[in-house]
Amino acid sequence: MFYEAELDIFRAVLKKCRINTMLINSVGTIEDPIGDFGKELLTKRDVVFLQSYSQNFKGNTIYKLTDSLSLSFVFMVLPGDVESDEKKILVVGPYSQREMTDKTISEISRKYTGDKSRREIENLLLSVPYVQVGSHIYAMLETLAERIWGEGNFSTVDLNYEMSGGFSPIQIRRDPTDQEKATLNMKIMEQRYAFENELMQAVAQGQLQKTELIMSTFSSMHFEERTADPVRNAKNYSIIMNTLLRKAAESGGVHPVYLDSISSGFAFKIEALTTLAEAEELMGEMFRSYCRLVRKHSMKNYSPPIQKVIATIDFDLTANLTLSALATMQNISPSYLSALFKQEVGETLTEYVNGKRIKRAMQLLETTKMQVQTIAQNCGILDVHYFSKIFKKTTGMTPKEYRESFFER
């Protein structure tokens, strides 16, 4: 197929987002499923239905369907190979365009006319990823369609499941066995662990964009139900994630001196949660904060002595940060520390310390009305004249001129 490379990339990206894709051939056989969950829930009856119903599908068309359980699918009839001319159906889904909150699940459960319990429906609904309307996933889908059929040469059709006899690509079996229930719960658990492992890796590498992508699939499905109180469950899981994210950032080269403060701050915020919506919002804040911490403070490329020196400097700019004092703290010679620091950091220890102090002074000049002398002392420089000298050397202005220019902007 001339579009095989683009299709492979599309399916690989959706796999990262935990969205299933499948190809169904002309005889109703599922080929090369990406994601076992969708294949497992798509029954043989549904595959046969899709294969026969596809006779009504037109080419150059993206079909979107939301079934009776508010689960969404996308269908496309792909052009066949030049030699065989065998057409295949690309199935994307299931996914949800609604956040599966307790309220949403209750609404769907009330409309459901089958004989299954709310718990069984809940397990199903919470097992699919949440894809917001207007998500990048749809832009990728349209890009794939443009590659296959050409820009402007395709249309999008929203299917009404009632028009197809109440068809739902996912059928809840009437009498699931205990083994089937255990298998579904196992799949949910596996998905959650896969989500956590992928997120930990992204945070440890400071991959903010990838973290945002993974985060886009996060919902209350990840809050383990261990108590009858959903908010308490959210708090418990948030505590677990705070610990996992802290360890991921540490493995990414962030010194504990940076981690302790942010971890403690999130611990207080977690206990203050009152709703699931607040918990999901805080979870996103945690993901981004730890990832940014790695991007800003990762020291995995520095040797242990330099890591400790940099952490000491950042922790307290008012401390004795002379070459001699820092070398003594490390039990190494000043000359060795000086050479090692310049080699790894690219500037002298004095230049680095002064740079940090001036950056802090600029923040205080911008955000406070403190006197220049007080600011100098807060930055670890007791001689205000020396402070003004290095400040002007760095910024081209005196502290007073900098403050005035800032407020004139």
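Note that these values count all heavy atoms, side chains included, but never hydrogens, waters or copies made by symmetry.
- No donor-acceptor pair under 3.5 Å is formed between the side chain of Q377 and the backbone N or O of L382.
- With sequence neighbours excluded, the residues satisfying side-chain contact (heavy atoms from CB on, under 4.5 Å) with A376 are F387.
- Taking the six-membered ring wherever Trp is involved, the centroid distance between the rings of Y95 and Y130 does not fall below 6.0 Å.
- Using a 4.5 Å heavy-atom threshold, the side chains of K64 and F75 count as separate.
- With sequence neighbours left out, R232 forms a salt bridge (Lys or Arg N to Asp or Glu O under 4.0 Å) with E271.
- The line from OG1 of T143 to CD1 of I148 is 11.0 Å long, rounded to the nearest 0.5 Å.
- The pair E366-R403 fails the salt-bridge criterion, with no side-chain N (NZ, NE, NH1 or NH2) lying under 4.0 Å from an Asp/Glu carboxylate O.
- Here the side chains of M200 and K247 are not in contact, with every heavy-atom distance at 4.5 Å or above.
- Scanning for ring-ring contact (aromatic ring centres under 6.0 Å, His included) contacts around F341 gives Y352, with sequence neighbours left out.
- The two atoms that bring F10 and L144 nearest to each other are CD2-CD2, 3.8 Å, heavy atoms only.
- The side-chain contact (heavy atoms from CB on, under 4.5 Å) check on T374 picks up M370, Q371, N378, with sequence neighbours excluded.
- With contacts defined as side-chain heavy-atom distances shorter than 4.5 Å, the pair L23/L78 qualifies.
- Smallest separation of non-hydrogen atoms from R357 and A319: NH2-O, 3.4 Å.
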Assess whether side-chain contact (heavy atoms from CB on, under 4.5 Å) is satisfied between S155 and I62, documenting all intermediate values.
-> CA-CA 6 Å; S155 59; I62 299 173; over 6 Å; no
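- Residues Y290 and N242 have side chains that bring a donor and an acceptor to within less than 3.5 angstrom of each other.
- At least one donor-acceptor pair under 3.5 Å links the side chain of N153 to the backbone N or O of W149.
- Looking at T312, its side chain does come within 3.5 Å of a backbone N or O of K308 through a donor-acceptor pair.
- Partners of S72 by side chain to side chain donor-acceptor pair (under 3.5 Å), not counting sequence neighbours, listed by chain and number: T66, Q97.
- Scored by the salt bridge (Lys or Arg N to Asp or Glu O under 4.0 Å) test, K356 finds D314 as partners (sequence neighbours excluded).
- The line from CD of E151 to CD of E142 is 10.5 Å long, rounded to the nearest 0.5 Å.
- The main-chain N or O of L273 is never found under 3.5 Å from a side-chain atom of E278 such that the two would form a donor-acceptor pair.
- Using a 4.0 Å cut-off between charged side-chain N and carboxylate O, K392 and E401 make no salt bridge.
- The backbone N or O of C379 sits nowhere less than 3.5 Å from a side-chain atom of R360 that would complete a donor-acceptor pair.
- To the nearest 0.5 Å, atoms CZ (F391) and NZ (K400) are separated by 14.0 Å.
- By the 4.5 Å heavy-atom criterion applied to side chains, L90 and L7 are counted as neighbours.
- Residue pairs meeting the side-chain hydrogen bond (donor to acceptor under 3.5 Å, both in side chains) criterion with at least one member in residues 342-351, sequence neighbours excluded, are S303-E344, T348-E351.
- Closest approach of P94 and N20 over heavy atoms only: CD-ND2, 4.1 Å.
- In terms of the salt bridge (Lys or Arg N to Asp or Glu O under 4.0 Å) criterion, residue partners of R147 (sequence neighbours excluded) are, by chain and number, E6.
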Where do M140 and V13 land on the side-chain contact (heavy atoms from CB on, under 4.5 Å) test, with the steps shown first?
-> CA-CA 9 Å; M140 291 182 57; V13 172; 3.5 Å; yes
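- Note that the CD1 atom of I381 and the OG atom of S388 stand 9.5 Å from one another [nearest 0.5 Å].
- Taking every heavy atom of both residues into account, A234 and L276 meet most closely at CB-CD2, 3.7 Å.
- Listed by chain and residue number, S324 satisfy the side-chain contact (heavy atoms from CB on, under 4.5 Å) test with T328 (two or more places apart in sequence, or in another chain).
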Kindly indicate, with the supporting measurements, whether the criterion side-chain contact (heavy atoms from CB on, under 4.5 Å) is fulfilled by E250 and H255.
-> CA-CA 6 Å; E250 184 178 13; H255 194 278; over 6 Å; no
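- How far CD1 of I332 is from CG of L337: 4.5 Å, rounded to the nearest 0.5 Å.
- For the pair N320 (side chain) and A325 (backbone), a donor-acceptor distance under 3.5 Å is absent.
- Partners of D383 according to the side chain to side chain donor-acceptor pair (under 3.5 Å) rule, which considers only residues two or more places apart in sequence or in another chain, do not exist here.
- Heavy atoms only, all atoms of each residue included: A204 and V294 are closest at O-CG1, 3.6 Å.
- Checking side-chain atoms of S251 against main-chain N and O of A248 turns up a donor-acceptor pair under 3.5 Å.
- Summarising the geometry, atom CZ belonging to R288 is positioned 12.0 Å from atom CG belonging to L245; distances are rounded to the nearest 0.5 Å.
- Contact annotation: the side chain of M76 never approaches that of Y63 to less than 4.5 Å [non-hydrogen atoms, C-beta and beyond].
- Side-chain contact between T61 and T156 is absent, with no heavy atoms from C-beta onward closer than 4.5 Å.
- Between T274 and V231 the shortest heavy-atom distance is O-CG2, 3.6 Å.
- Residue pairs satisfying the ring pair (Phe, Tyr, Trp, His ring centres under 6.0 Å) criterion with at least one member in residues 296-319, sequence neighbours excluded, are listed as follows: Y258-H297.
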Taking it one step at a time, do I313 and L349 satisfy side-chain contact (heavy atoms from CB on, under 4.5 Å)?
-> CA-CA 10 Å; I313 294 169; L349 178 61; 3.9 Å; yes
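- Looking at heavy atoms from C-beta onward, V91 lies out of side-chain contact with T21 at the 4.5 angstrom threshold.
- Contact annotation: the side chain of I19 approaches that of V131 to within less than 4.5 Å [non-hydrogen atoms, C-beta and beyond].
- Legend: residues meeting side-chain contact (heavy atoms from CB on, under 4.5 Å) with S333, ordered by chain and number and at least two apart, are S335, Y336.
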